[in-house]
Amino acid sequence: MRIIIAPAKKMVVDMDSFAVDSLPQFLERAERLKVTLQAMSPEELQSLWKCNDAIAKLNMERLAHMDLRRHLTPAVIAYEGIQYRYMAPGVMEAAHLDYLREHLRILSGFYGLLRPFDGVTPYRLEMQSKLPADGCRDLYQFWDNLLARQLAVETDMVLNLASKEYSRAVEPHLPKGIRFVTCTFGEWKGGKVVEKGTQCKMARGQIVRWLAERKIKDPEDLRAFDQLGYCFDREQSTENHFVFLKQPESV
């Protein structure tokens with residue numbers, strides 16, 4: 001089983017907490033994206049990033065001095081979004097971190113596919129960014145089927161905890177025979193399941209921690225997840241779509 005999650009926009013440098021295990025598998029392609037970005041004007045970059053002046057300035061400085069092979073932070077520590085705070089890898093036991101090493105993969109518009117302890121440097125590039133590179137119209141075309149092919153080499157079962165923006169870079173390209181299970185974390189409102197962005201991110205991080213603590217390898221065991229007020233809903237779920245609903249007293 002491989003668990004795929006999205007990255008976070010906010011990134012930090014931390015070369016002290018954990019050692020880097022390896023360099024990203026698609027580093028040469030990331031280098032090509034770096035060259036493409038460095039050739040863009042400040043106005044073009046800010047338009048691509050869709051951010052304010054302060055964030056644009058920070059990321060332009062990072063881009064100008066970017067080194068993809070030195071002064072690196074393990075990917076699972078480098079991202080600082082809500083999902084990663086709830087996963088809390090910085091306070092995991094060694095055995096749980098080993099579980100992440102084997103089973104967790106982080107999707108990235110810049111790096112493609114990351115193992116948790118691949119060394120990365122801060123960047124800003126979402127998968128849905130309209131960045132023409134290497135003759136491709138956008139990053140979905142740039143990465144094409146590479147990420148799915150790599151996952152297919154590693155496993156016959158992908159647990160999708162990524163947003164649609166990122167899972168779209170994998171799901172359509174998976175070979176037949178690879179099971180793809182998506183988890184939804186929502187609430188029952190107005191006769192339908194409604195997802196809320198922040199709560200989804202919290203749940204995705206929490207369930208990764210829960211999986212690691214229990215060293216779960218069979219996706220069917222996910223049905224027992226009951227944290228943050230969520231409970232598996234059999235009626236709304238299918239074989240490859242697991243729906244977890246917040247219970248009324250927890251909403």
Side-chain angles (χ1 to χ4, degrees), residues 1-8 75-76 79 81-89 92 96 99-108 113-116 126-128 147-148 150-152 154-175 177-248 250-251:
M1 183 172 75
R2 292 294 180 270
I3 306 160
I4 57 171
I5 62 174
V76 75
Y79 295 109
I82 294 170
Q83 178 176 2
Y84 292 83
R85 292 203 295 273
Y86 274 76
M87 191 194 317
M92 277 188 178
H96 304 155
Y99 177 93
L100 296 188
R101 280 186 173 91
E102 180 178 356
H103 297 284
L104 186 67
R105 298 294 179 264
I106 303 169
L107 302 175
S108 163
L113 189 70
L114 291 164
R115 295 159 297 203
E126 296 179 63
M127 186 66 80
Q128 63 187 0
L147 314 186
Q150 178 58 41
L151 287 167
E154 299 180 21
T155 187
D156 60 1
M157 157 64 204
V158 176
L159 175 61
N160 175 32
L161 296 175
S163 61
K164 292 179 181 177
E165 172 192 349
Y166 284 90
S167 61
R168 181 183 152 197
V170 171
E171 185 179 12
H173 305 290
L174 284 172
I178 304 295
R179 187 180 178 193
F180 189 82
V181 176
T182 295
C183 290
T184 291
F185 301 93
E187 302 172 9
W188 188 252
K189 282 192 174 182
K192 62 181 181 179
V193 177
V194 177
E195 295 181 89
K196 295 183 178 179
T198 297
Q199 293 187 356
C200 283
K201 293 174 183 177
M202 292 163 56
R204 288 168 181 159
Q206 188 73 23
I207 200 169
V208 171
R209 166 170 277 276
W210 183 87
L211 289 164
E213 289 173 346
R214 289 156 182 78
K215 301 179 183 176
I216 287 175
K217 298 182 180 180
D218 184 344
E220 303 309 321
D221 293 337
L222 265 75
R223 300 169 191 263
F225 178 73
D226 61 355
Q227 299 187 1
L228 300 181
Y230 287 97
C231 184
F232 179 75
D233 190 289
R234 293 185 181 277
E235 290 187 6
Q236 299 300 318
S237 299
T238 63
E239 181 184 2
N240 292 321
H241 183 198
F242 291 0
V243 177
F244 297 86
L245 296 182
K246 261 193 181 284
Q247 302 309 294
S250 303
V251 175

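Note that the coordinates shown come from a computational prediction; the quantities given were computed from them, not determined experimentally.
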Engineer: Using side-chain heavy atoms (C-beta onward) and a distance below 4.5 Å, is Pro219 in contact with Leu159?
Structural biologist: no

Engineer: Taking Tyr79 for the side chain and Ile106 for the main chain, is one N or O donor matched with an acceptor at less than 3.5 Å?
Structural biologist: no

Engineer: Can you pull the side-chain hydrogen bond (donor to acceptor under 3.5 Å, both in side chains) pairs that have at least one residue in residues 156-167, sequence neighbours excluded?
Structural biologist: Asn160-Thr182

Engineer: Using a 6.0 Å cut-off, check whether atom OH of Tyr86 has over 12 heavy atoms from anything other than its own residue.
Structural biologist: no

Engineer: Could you tell me which non-hydrogen atom of Val243 sits nearest to which non-hydrogen atom of Ser237, and how far apart they are?
Structural biologist: N-OG, 2.8 Å

Engineer: What are the two closest non-hydrogen atoms of Gln83 and Ala6, and how far apart are they?
Structural biologist: OE1-O, 4.0 Å

Engineer: Any ion pair linking Arg2 and Glu154 (charged N to carboxylate O, less than 4.0 Å)?
Structural biologist: yes

Engineer: Within 45 degrees of the axis of the six-membered ring of Tyr230 and under 6.0 Å from its centre: does Lys246 put its NZ or CZ there?
Structural biologist: yes

Engineer: Could you measure the distance from the CZ atom of Arg168 to the NE2 atom of His173? Nearest 0.5 Å is fine.
Structural biologist: 9.0 Å

Engineer: Should Val158 and Val181 count as side-chain neighbours, where that means a heavy-atom distance under 4.5 Å?
Structural biologist: no

Engineer: In chain order, what residues pass the side-chain hydrogen bond (donor to acceptor under 3.5 Å, both in side chains) check against Asp226, with sequence neighbours excluded?
Structural biologist: none

Engineer: Heavy-atom distance under 4.5 Å between the side chains of Arg204 and Met87, does that happen here?
Structural biologist: no

Engineer: Between Leu113 and Leu107, is a side-chain contact (heavy atoms from CB on, under 4.5 Å) present by the stated rule, with each step listed?
Structural biologist: CA-CA 5 Å; Leu113 189 70; Leu107 302 175; 3.4 Å; yes

Engineer: Counting C-beta onward and ignoring hydrogens, is there a side-chain heavy-atom pair between Met127 and Leu147 closer than 4.5 Å?
Structural biologist: yes

Engineer: Restricting to non-hydrogen atoms, name the atom on Arg179 and the atom on Glu239 that form the minimum distance, rounded to 0.1 Å.
Structural biologist: NH2-O, 2.7 Å

Engineer: Apply salt bridge (charged side-chain N to carboxylate O under 4.0 Å, His left out) to Glu213 and list each qualifying residue two or more places apart in sequence or on a separate chain.
Structural biologist: Arg209

Engineer: Is the closest side-chain heavy-atom distance between Gln236 and Trp188 below 4.5 Å?
Structural biologist: yes

Engineer: Just how far is it from atom CE of Met202 to atom CD of Gln227, taken to the nearest 0.5 Å?
Structural biologist: 12.0 Å

Engineer: Are Phe225 and Phe232 an aromatic pair, judged by ring center distance below 6.0 Å?
Structural biologist: no

Engineer: side-chain contact (heavy atoms from CB on, under 4.5 Å) between Phe244 and Thr184: does it pass, once the steps are laid out?
Structural biologist: CA-CA 6 Å; Phe244 297 86; Thr184 291; over 6 Å; no

Engineer: State, yes or no, whether a side-chain contact exists between Glu187 and Glu195 at a heavy-atom distance under 4.5 Å.
Structural biologist: no

Engineer: Find the distance between CD (Glu171) and CG (Asn240) and round it off to the nearest 0.5 Å.
Structural biologist: 9.5 Å

Engineer: Please assess His96 against Val208 for the test side-chain contact (heavy atoms from CB on, under 4.5 Å), listing each intermediate value before the final yes or no.
Structural biologist: CA-CA 10 Å; His96 304 155; Val208 171; over 6 Å; no

Engineer: Can you give me the closest heavy-atom contact between Leu114 and Ser108, atom names plus distance?
Structural biologist: CD1-CB, 4.2 Å

Engineer: Between Thr155 and Met1, is there a donor-acceptor pair closer than 3.5 Å when you use the side chain of the first and the backbone of the second?
Structural biologist: yes

Engineer: Is any side-chain heavy atom of Phe185 closer than 4.5 Å to one of Leu228?
Structural biologist: no

Engineer: Please report the shortest heavy-atom distance between Glu220 and Arg223, naming the atom on each side.
Structural biologist: OE1-NH2, 2.7 Å

Engineer: Hey, could you give me the CZ/CD distance between Arg105 and Glu102, rounded to the nearest 0.5 Å?
Structural biologist: 8.5 Å

Engineer: Check step by step if side-chain contact (heavy atoms from CB on, under 4.5 Å) holds for Leu161 and Ile4.
Structural biologist: CA-CA 6 Å; Leu161 296 175; Ile4 57 171; over 6 Å; no

Engineer: Of all heavy-atom pairs between Ile3 and Tyr99, which one has the smallest distance, and what is that distance?
Structural biologist: CD1-OH, 3.8 Å

